[in-house]
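Structure record follows, encoded as structure tokens.
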Amino acid sequence: MREPLRYYENNVVGLLNLVKVLKRHHVSKSLVLSSSCTVYRPSDAKISEDSLLEPTCPYGNTKRVQESMLQDLVESDGWTVSCLRYFNPAGAHSSGFLGEVLYPSSPLMLVPLLRQVALGQRKELKIFGDDYDAKDGTAMRDYIHIQDLADAHVAALQHLLAGEAAFHVFNLGTGFGRSVLEVLQAYQDASGCELQYKIEQRRAGDAAVAVADSKLANDLLGWYAHRGFEEIMASDWTFALHTKGNDSLYNESCFISQHLVPEPYEVGNVYRAMVKEIQKSLKAGWEHEHSFLVTSIGHYPVCH
Ligand SMILES: O=c1ccn([C@@H]2O[C@H](COP(=O)(O)OP(=O)(O)O[C@H]3O[C@H](CO)[C@H](O)[C@H](O)[C@H]3O)[C@@H](O)[C@H]2O)c(=O)[nH]1
């Protein structure tokens with residue numbers, strides 16, 4: 001909720017500049033945007049693409065503006081765009097070397113925080129509220145493995161290739177909600193470490209529940225999330241064991257562009273792991289004359 005202008009600068013101005021450059025150089029009229037479930041009005045029911053849009057934080061507002069900007073381009077200039085509304089990406093690449101790193105300006109995301117507690121780098125997890133109207137009182141989210149997200153991007157690109165100029169929106173989640181306490185328990189099981197926690201006040205801007213209805217992506221893209229909740233936590237713990245003590249590597253690599261995934265054993269954030277998988281699929285199976293761009297510009301919240 002703090003520093004709203006940073007979100008606008010990063011997400012809105014960043015995307016505007018990117019699109020202007022693409023237009024000027026006739027590079028591509030096809031885009032996959034990393035959007036977010038935060039564009040929706042919070043709801044206890046599963047959220048589908050036609051649920052009400054009503055972000056409750058500046059980050060969500062900027063994701064909504066990004067989507068509108070691209071929709072206007074589709075209508076006025078024959079672009080083809082897929083907006084992928086991620087629920088809660090988590091987990092690490094199967095190599096064990098690409099995962100979510102908490103660097104100084106990054107938002108404090110739940111799973112990396114649990115990793116730090118398990119590694120003894122943080123005393124405890126602060127749980128933001130246990131008085132929500134949800135299962136055990138802690139907030140519920142739909143955690144999706146980043147490699148399932150990567151698969152969805154490849155499916156979205158294939159869908160763009162096959163179609164006419166159009167604007168598409170897809171939810172990407174598993175359809176299962178997990179509470180903060182359930183995530184903590186699952187991370188404890190994966191790591192074998194006892195994780196301390198403390199209940200704090202709710203965090204401003206947090207919804208009680210955010211769970212996806214991803215039927216549209218299932219039906220139109222033929223995409224399903226195959227990796228389970230336990231696998232998400234286990235992959236993150238594998239990443240923790242591989243990278244423990246390698247702080248200098250963390251710090252150097254996390255600022256490298258998400259689009260340049262270094263080989264083979266750099267660590268970085270969760271989206272670079274995802275882009276790596278997309279690149280692999282494209283190299284393996286695709287011969288095409290078109291140029292595509294997957295942009296994660298601004299997906300990453302710059303502050304909470
Ligand atoms: O220290 C913490 C951190 C998180 N949480 C809880 O854990 C859950 C998950 O929190 P995250 O910060 O990991 O994720 P968010 O649900 O806030 O994040 C989602 O919304 C963001 C925008 O606000 C981005 O879109 C992001 O990619 C997406 O995962 C929330 O219920 C949150 O309240 C805690 O209890 N303690």
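Quick note: residue numbers are just sequence positions, from 1. Each ligand, and each atom within it, is numbered from 1 in the order the structure gives.
Shown in contact with Ala139 at under 4.0 Å from a heavy atom are these atoms of ligand 1, numbered in order with element: 31 (O). Shown in contact with Ser36 at under 4.0 Å from a heavy atom are these atoms of ligand 1, numbered in order with element: 25 (O). Listed by number with element, the atoms of ligand 1 under 4.0 Å from a non-hydrogen atom of Leu108 are 3 (C), 12 (O). In the vicinity of Leu113, heavy-atom distances shorter than 4.0 Å reach the ligand 1 atoms 1 (O), 2 (C), 3 (C). When each atom of ligand 1 is checked for a heavy atom of Phe87 under 4.0 Å away, the hits are 28 (C), 29 (O). Close contacts of ligand 1 with Ile127, meaning ligand atoms under 4.0 Å from a residue heavy atom, involve 35 (O). Each of the following atoms of ligand 1 lies closer than 4.0 Å to a heavy atom of Lys126: 1 (O), 2 (C), 34 (C), 35 (O), 36 (N). Ligand 1 places these atoms under 4.0 Å from at least one heavy atom of Asp206: 32 (C), 33 (O).
A side-chain N or O of Tyr86 and one of Ser34 form a donor-acceptor pair less than 3.5 Å apart. Under the 3.5 Å distance criterion, with hydrogens and angles disregarded, no donor-acceptor pair is assigned to the side chains of Gln147 and Asp151. Asp136 and Ser179 share a side-chain donor-acceptor pair at under 3.5 Å. At a cut-off of 3.5 Å, with distance as the only test, a side-chain donor of Tyr40 or Asn171 sits close to an acceptor on the other residue.
By the 4.0 Å heavy-atom criterion, Tyr59 is counted among the residues contacting ligand 1. In this structure, Tyr143 is part of the shell of residues with a heavy atom less than 4.0 angstrom from ligand 1.
Residues passing the side-chain hydrogen bond (donor to acceptor under 3.5 Å, both in side chains) test with Glu67, sequence neighbours excluded: Ser35, Arg85. Looking at residues two or more places apart in sequence or on another chain, you find no side-chain hydrogen bond (donor to acceptor under 3.5 Å, both in side chains) involving Glu124.
Between Cys57 and ligand 1, a contact under 3.5 Å exists for no N or O pair. In terms of polar-atom proximity, defined here as any N/O pair under 3.5 Å, Phe128 does make such a contact with ligand 1. For ligand 1, the polar-atom distance check finds no N/O of Thr38 at less than 3.5 Å from any of the ligand's N/O atoms.
Both the sub-6.0 Å distance and the 45° axial angle are satisfied by Arg202 relative to the ring of Tyr132.
Within the 4.0 Å heavy-atom criterion, the part of Arg141 lying near ligand 1 is the side chain and not the backbone. Under 4.0 Å from ligand 1, the heavy atoms of Val180 that appear belong solely to its side chain.
Of the options Val81, Thr80, Val65, a side-chain contact (heavy atoms from CB on, under 4.5 Å) to Leu70 is made by Val81 and by none of the others.
Salt-bridge annotation for Glu182 and Lys135: present, with a side-chain N of the basic residue lying under 4.0 Å from a carboxylate O of the acidic one.
How far CZ of Phe229 is from CD1 of Ile144: 13.5 Å, rounded to the nearest 0.5 Å.
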